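Taking it in order: structure first as structure tokens, then the write-up.
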There are 2 protein chains.
Amino acid sequence: MPTPHFGQPRYRAIASELRQRIESGAIPLGALLPTEGALTAEFRASRGTIRQAIAVLREDGLATTEHGRGTYVNAHTRFHRSGTPDDLETIRETVADEKLAALFGIEPGAPLVEHEIVTRRSGEVKVVVRTYRLLNQQQR
Amino acid sequence: MPTPHFGQPRYRAIASELRQRIESGAIPLGALLPTEGALTAEFRASRGTIRQAIAVLREDGLATTEHGRGTYVNAHTRFHRSGTPDDLETIRETVADEKLAALFGIEPGAPLVEHEIVTRRSGEVKVVVRTYRLLNQQQR
DNA sequence: AGAAATTTGTCCGTATGTATC
DNA sequence: AGATACATACGGACAAATTTC
């Protein structure tokens with residue numbers, strides 16, 4: 001069989017289809033996706049293509065895959081406006097180390113405001129973001 | 001050929017090697033990586049495995065791939081949209097201090113990927129943002 | 001507790017499509 | 001137009017983690 005992929009690659013089309021099933025509720029949040037074997041049968045695509053489609057969902061934060069277990073639809077992904085239960089936000093005053101001091105052009109030990117946001121997904125820390133600003137600095 | 005991957009998968013080992021070449025300067029920032037074909041020959045791995053290794057570098061923000069062109073090592077300086085020049089983005093591998101180690105549930109000293117964005121406005125550093133993620137090296 | 005079945009992870013080789021040089 | 005380089009897709013094989021019996 002040739003491999004004609006005009007506009008949309010096969011794996012993206014499959015990813016879209018799966019995404020739609022998730023958003024429509026056909027596949028409930030927190031549930032397992034069909035196995036790779038089942039999806040290869042349904043879409044009559046190779047396993048590699050199916051895995052690529054699932055990788056798209058993972059990259060978009062919609063699913064999480066576990067070895068030997070399967071791929072879950074992430075329970076609480078979208079629509080987390082303010083007060084996300086899974087994010088932790090901390091604001092504290094800290095002091096500049098050598099590197100930060102050099103960047104800001106201040107003395108090491110001088111005060112800075114540190115803003116830290118910890119993002120978790122399924123209990124695991126996914127990313128830690130820290131912003132540093134000078135004290136009493138007004139936005140423009 | 002069998003597939004003996006004891007501790008570390010082949011594609012991760014290759015990714016580490018490439019990462020090291022980048023950090024050591026053997027492959028300069030902004031330069032093109034060797035082509036997939038060249039890497040296939042050098043590491044005697046299949047093209048799929050090479051592409052998996054390069055994907056790791058992309059996920060860590062170290063490289064960018066362009067169809068038909070090649071894979072670039074991301075340079076320190078990133079493009080700025082119109083208006084606000086003078087942003088500087090740095091990606092480096094660092095080690096977890098006590099606090100970060102506790103957050104991620106890893107050992108202090110374990111490697112992390114740090115993205116740092118320094119925003120200046122008329123020569124003055126306005127804000128420093130640092131994000132920390134697990135290296136694509138350790139699975140868990 | 002142990003063995004088998006299930007499911008995802010890694011790797012190979014090949015072929016063809018598409019973008020860039 | 002031709003050569004080069006990345007993108008997509010197939011099929012097969014074995015490894016490793018989990019679940020089931």
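Letters A, B, ... are given to chains in the order of the sequence lines, protein chains preceding strands, and every chain is numbered from 1. This structure is a prediction, so every number in the text was calculated from the model and none was measured.
At least one side-chain heavy atom of Leu112(B) sits less than 4.5 Å from a side-chain heavy atom of Ile106(B).
Atom-to-atom, CD of Gln8(A) to P of dG17(C) comes out at 19 Å; the value is rounded to the nearest Å. Atom CG of Leu32(B) is separated from atom P of dC6(D) by 8 Å (rounded to the nearest Å). As a whole-Å value, the separation of Tyr11(A) OH from dG17(C) C1' is 13 Å. Atoms CD (Gln52(A)) and C1' (dA9(D)) sit 8 Å apart, rounded to a whole Å. Atom-to-atom, CD1 of Ile14(B) to P of dT10(C) comes out at 13 Å; the value is rounded to the nearest Å. Atom P of nucleotide dA5(D) and atom CG of Leu39(B) are separated by 11 Å, given to the nearest angstrom. Atom CZ of Arg58(B) and atom C1' of dA7(D) are 10 Å apart (whole Å). Distance Tyr72(A) OH to dT18(D) P: 10 Å, rounded to the nearest Å.
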If you restrict it to nitrogen or oxygen atoms, what contacts under 3.5 Å exist between nucleotides 1-8 of chain C and the protein, and what is each distance?
unit_1 : atom_1 : unit_2   : atom_2 : d
dT8(C) : OP2    : Glu36(A) : N      : 2.9
dT8(C) : O4'    : Gly68(A) : N      : 3.3
dT8(C) : O2     : His67(A) : NE2    : 3.0

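Using a 4.0 Å cut-off, no side-chain N or O of Thr49(A) falls inside it from OP1 or OP2 of dT8(D). An OP1 or OP2 oxygen of dA7(D) is reached within less than 4.0 angstrom by no side-chain nitrogen or oxygen of Arg12(A).
Across all their heavy atoms, Gly30(B) and Tyr72(B) have their closest contact at O-CD2, 3.5 Å.
Across the helix from dG2(C)-dC21(D) to dC21(C)-dG2(D), the helix axis at one end is tilted relative to the axis at the other end by 10° (nearest 10 degrees, each axis from five pairs).
For residues 96-108 of chain B, the set of pairs meeting the side chain to side chain donor-acceptor pair (under 3.5 Å) definition, not counting sequence neighbours, is empty.
Under a 4.0 Å N-O distance rule, the pair Glu116(A)/Arg92(A) qualifies as a salt bridge. Salt bridge absent: Glu93(B) and Arg133(B) never bring a charged side-chain N and a carboxylate O closer than 4.0 Å.
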Can you list the steps and then say if Ile14(B) with Leu39(B) is a side chain to side chain contact (heavy atoms under 4.5 Å, CB included)?
-> CA-CA 9 Å; Ile14(B) 295 173; Leu39(B) 294 172; 6.0 Å; no
Report the C-alpha distance between Asp60(A) and Arg19(A) in whole Å, list the side-chain angles of each, state the deciding distance to 0.1 Å, and finish with yes or no for salt bridge (charged side-chain N to carboxylate O under 4.0 Å, His left out).
-> CA-CA 10 Å; Asp60(A) 288 350; Arg19(A) 180 204 269 328; 2.7 Å; yes
Show your reasoning for whether side chain to side chain contact (heavy atoms under 4.5 Å, CB included) applies to Leu103(A) and Arg120(B).
-> CA-CA 10 Å; Leu103(A) 281 169; Arg120(B) 291 183 176 79; 4.2 Å; yes
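For the pairing with Thr65(A), the side-chain hydrogen bond (donor to acceptor under 3.5 Å, both in side chains) check across Arg58(A), Glu36(A), Arg51(A) returns one residue only, Arg58(A).
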